[in-house]
There are 2 protein chains.
Amino acid sequence: MAEPRQDRSRVTRQRLLEAAVDCLAEVGWTGSTVSVVAERAGVSRGAAQHHFPTREDLFTAAIDYVATERVNSLRSGLPAAPTVALVVEAIGEMYAGKLFKAALQLWVAAASDGQLRDQVVPLETRVGREAHRWAVEALGADESRPGVREVVQATLDMARGLGLANLLTDDSKRRSRVLAEWAEVLERVLA
Amino acid sequence: MAEPRQDRSRVTRQRLLEAAVDCLAEVGWTGSTVSVVAERAGVSRGAAQHHFPTREDLFTAAIDYVATERVNSLRSGLPAAPTVALVVEAIGEMYAGKLFKAALQLWVAAASDGQLRDQVVPLETRVGREAHRWAVEALGADESRPGVREVVQATLDMARGLGLANLLTDDSKRRSRVLAEWAEVLERVLA
DNA sequence: TTTCAAGCATGCACGCTTGATTGTTTCTCC
DNA sequence: GGAGAAACAATCAAGCGTGCATGCTTGAAA
């Protein structure tokens, strides 16, 4: 899809994508109808249809948007004094926000939709790789030592699990306790 | 809902519930229409409607069914010689099967459906509690020691995260490596 | 055996979403 | 300033899922 020429168009397009992400996080995949997204974006359904002829077009773009935003939030989020505890906490936050909720909806929808799956899987592996690299760097981990790579991955997987637990109820208090304890264990392992 | 009088009825009802779980795991929440579930169960749509007048009735029963099945699979799954590695592996399996996939669909659907959420949350907390108790017992962990409780929870959360990663692609090889490494760490922590 | 209720099957109407078509406004470039 | 394209708005037909209403079949009790 070519880059639009008018500024107004770019704005509308951007608003549609952001609205799509918001809707994904709040009303889920099937709840995010074109009408709902358009209304949230403050544009008419016809306008949405102009930019994205089909619903599939809209959400393939939205999936890309979610992936890049998640990577961006990684890049800008490295704490100044990266103690292990702070890094672990940051990883926890990464799987607790709106973007994670939106991505979760996409994963689950993609699990039973081959078309969508082919869109989501490559982007998700890319995000996962970036997150891993970020974590290794932030933790100052030496991946050449056996087991270190797996423990870093375990940290990310645990954060994902905590994020999932945080989906239905506010699990932040428990998450903090678990992450704090994990940070101590992780620090000993990495030392 | 009263217990049906005829055996045939109980069988049909059971088949519908099992089909509902299968469909949840395979085609997702919105894909699991009454027609699809009924066809999979080998009964007509009318029969399904007789047992569960509305779709909501069907899936409220299915949610209960999933919860009890998950608890049952816990109870029957304790390894004979519970080394830490075996227990961790068993926990990993727990979040890799069909029941987990079905439950995942329910969680995500419940995230944007207040009605469903009220059904799912209490059952899920119960399953979580059972799983935690089972893990503590199987690991022989001493929860009176500070931090032990959190580490056990972290193990379960990590398994949940790994299960999520296993949703779109076959992640079993990576999971085995991560779990094996974590088992070693966990053993040292619990000692 | 008869009878009646439970179990089961079928068809229809309603609401919703999507994608296409057509008409209207706004911007850009000549 | 005007022509033409891009952006936006409104309406229509088609498909799908649900719920209801209506018959038919089976089994158990009198």
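Since this is a predicted model, take the numbers as computed values, not measurements. Throughout, protein chains are lettered first and strands after them, A, B, ... in sequence-line order, and every chain is numbered starting at 1.
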How many whole angstroms separate atom CZ of B:Arg13 from atom C1' of C:dA6? 15 Å
In whole angstrom, give the distance that lies between atom CG of B:Leu58 and atom P of D:dG17. 15 Å
Check for me whether the distance between the ring centres of A:Trp107 and B:Trp107 falls short of 6.0 Å. no
Identify which nucleotide among C:dA9, C:dG19, D:dA7 has an atom closest to any side-chain atom of B:Ala47, counting heavy atoms from C-beta outward. C:dA9
Taking atom CD of A:Glu18 as the centre, does the number of heavy atoms from other residues, nucleotides or ligands within less than 6.0 Å exceed 12? yes
Round to a whole Å and report the spacing from CD of B:Glu39 to C1' of C:dT10. 16 Å
Checking A:Val34, A:Val37, A:Leu17 against A:Phe59 for side chain to side chain contact (heavy atoms under 4.5 Å, CB included), the one that qualifies is A:Val37
Measuring to OP1 and OP2 of C:dA6, would you say a side-chain N or O of B:His51 lies under 4.0 angstrom away? no
Stacked cation flag A:Arg55 on A:Trp29, 6.0 angstrom / 45 deg: yes
Phosphate oxygens OP1/OP2 of D:dA7: is one of them under 4.0 Å from a side-chain N or O of A:His50? yes
For A:Asp57 and C:dT18, what is the distance between atoms CG and P respectively, to the nearest whole Å? 13 Å
Quick one: does B:Arg10 reach the base of C:dG7 with a side-chain donor-acceptor pair under 3.5 Å? no
Name every residue in residues 106-119 of chain A that has at least one heavy atom under 4.0 Å from any atom of DNA chain C, in order of residue number, or write none if there are no such residues. none
A:Thr54 backbone acceptor or donor facing A:Asp57 side chain under 3.5 Å: yes
Please evaluate the base of C:dC8 for a donor-acceptor partner in the side chain of B:Gln49 within a cut-off of under 3.5 Å? no
Looking at residues 22-37 of chain A, who's got a heavy atom less than 4.0 Å off DNA chain C? A:Thr33, A:Val34
Starting at CD of B:Glu56 and ending at C1' of D:dG17, how long is that distance when rounded to a whole Å? 15 Å
Please state whether the rings of A:Phe100 and A:Tyr95 are parallel, tilted or perpendicular, taking 30° and 60° as the class boundaries. perpendicular
For C:dT18 and A:Thr54 - does any side-chain N or O of the residue sit under 4.0 Å from the phosphate oxygens OP1/OP2? no
Any donor-acceptor pair under 3.5 Å joining the side chain of B:Arg45 to the base of D:dG17? no
Salt bridge check, B:Asp171 against B:Arg177: does any charged N sit closer than 4.0 Å to a carboxylate O? no
Would B:Arg133 and B:Glu130 pass as an ion pair if we require N to O under 4.0 Å? yes
Rounded distance in Å - CZ (B:Phe52) to C1' (D:dG17): 19 Å
I'd like to know if B:Glu89 pairs up with B:Arg175 as an ion pair, taking the criterion as any Lys NZ or Arg NE/NH1/NH2 lying under 4.0 Å from an Asp or Glu carboxylate oxygen. no
